[in-house]
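Lettering of chains follows the sequences in order, A, B, ..., and the numbering in each one begins at 1. Heavy-atom basis, side chains included; hydrogens, waters and symmetry copies ignored.
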Number of protein chains: 2
Amino acid sequence: MATTELAITISDAEWRVMRIVWTLKEADSRTIIDLLEQQHDWKPATIKTLIGRLVKKGALATTKNGRQFIYTPLIDEQSAMDTALISELNQMCAMHRGTSLAHVLDQLELSHDDVENLIDVLQQKLPTAPTMVACDCLPEDCERSC
Amino acid sequence: MATTELAITISDAEWRVMRIVWTLKEADSRTIIDLLEQQHDWKPATIKTLIGRLVKKGALATTKNGRQFIYTPLIDEQSAMDTALISELNQMCAMHRGTSLAHVLDQLELSHDDVENLIDVLQQKLPTAPTMVACDCLPEDCERSC
DNA sequence: TTCTTTCGTTTACGGATGTAAACTCAGTTT
DNA sequence: AAACTGAGTTTACATCCGTAAACGAAAGAA
């Protein structure tokens, strides 16, 4: 391929727009603006800017429809979520990720099916799980560790 | 209390610094700079800036020690991790969080103990888990949904 | 005591982000 | 055809962030 997909980054505010479009599968700006004005104190101009940036970033596609455009997602919601979560976790000490996830799972509202699925995934990992995951906050060759 | 702790935000680069200090419990700038220069292509000046910003933000405390300072964390590592993760998740569609977590847990390296602990947490939730978690991407009163 | 090293501080600067007004057209209304 | 309206584009601007050089003061060396 020719284009180098350098991982699109979506900012916090832009996420709100993407969620609308992901949920509706496609939407014109009128719809996006109306819906977002109900959730935030954003002026229509602000939302227009966000839409524009997402199009420029390649996160949204446009299809001409008479006077306006119809916007559709160019990136997958679940993939975007997974990537964002993994990135966040990779920023943290490997040794403490498990504990943090435990806290998160404990607080988060999850459906029965999700919980079962998660247990399943974990049960699968159990046999091959290493005794411990080392702290990766200091350079490899550093004698100190936590 | 008088001080309003408006949740300190730590940027990506600043996380690297915090991880060093969290791991060592306390460190002088010499140490922090030496360690980070091994992990990144950062000039000492860059690291100094990051340390300075963290002090100003109230994430690091300083104790005069002769000519220099000793830096210690003012915020808890685990709490910072938990908060960051939860914030990230709160930004995403509630309906798809479970799936995303499943993907993450599947890919992430976790210790045997962590996996067991996570299963435990989930098992605890199972009885009270709701049948389903609704999509929260559109306004409450919106007739459409995903 | 003067020179040098080194810490912490100040200044710098481009890009991303949140927030939004102003502007330009192309259809729509009268 | 002239006026209007609404969609997308351009411009704006303060703040944060990544990245780093420059500077001032204090401690150590000569």
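Across all strands, A/K57 comes closer than 4.0 Å only to sugar-phosphate atoms, never to a base (heavy-atom distances). Within the 4.0 angstrom heavy-atom criterion, no nucleotide atom of any strand lies near B/N65.
Contact footprint of chain B on DNA chain D: nucleotides with an atom under 4.0 Å from a non-hydrogen protein atom, first to last in 5' to 3' order, D/dC17 to D/dG28.
For A/Q91, the side-chain hydrogen bond (donor to acceptor under 3.5 Å, both in side chains) partners at least two apart in sequence or on another chain are B/D12.
When only modelled atom types and interatomic distance are considered, B/D34 and B/T31 share no side-chain donor-acceptor pair under 3.5 Å.
The residues A/E109 and B/R97 are annotated as not salt-bridged, no charged nitrogen and carboxylate oxygen being separated by less than 4.0 angstrom. One finds a salt bridge joining B/E14 and B/K57 here, because a Lys/Arg side-chain nitrogen approaches an Asp/Glu carboxylate oxygen to under 4.0 Å.
Atom-to-atom, CG of A/L36 to P of C/dT19 comes out at 12 Å; the value is rounded to the nearest Å. Atom CD of A/E14 and atom P of C/dG18 are 6 Å apart (whole Å). One interatomic measurement links the two molecules: CD1 of B/I33 to C1' of C/dT5, which rounds to 14 Å at whole-angstrom precision. Spacing between atom CZ of A/R53 and atom C1' of C/dG15 amounts to 11 Å, rounded to whole angstrom units.
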Write out a two-atom table: protein N or O, nucleotide N or O from nucleotides 8-10 of chain C, distance below 3.5 Å.
residue : atom : partner : partner atom : Å
C/dG8   : OP1  : B/F69   : N            : 2.9
C/dG8   : OP1  : B/Y71   : OH           : 3.4
C/dG8   : OP2  : B/S29   : OG           : 2.5
C/dG8   : N7   : B/K48   : NZ           : 3.3
C/dG8   : O6   : B/K48   : NZ           : 3.1

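Classification of the A/Y71-A/F69 ring pair by plane angle, with boundaries at 30° and 60°, yields perpendicular.
Between A/G66 and A/D12, the one whose closest nucleotide on DNA chain C sits nearer the 5' end is A/D12.
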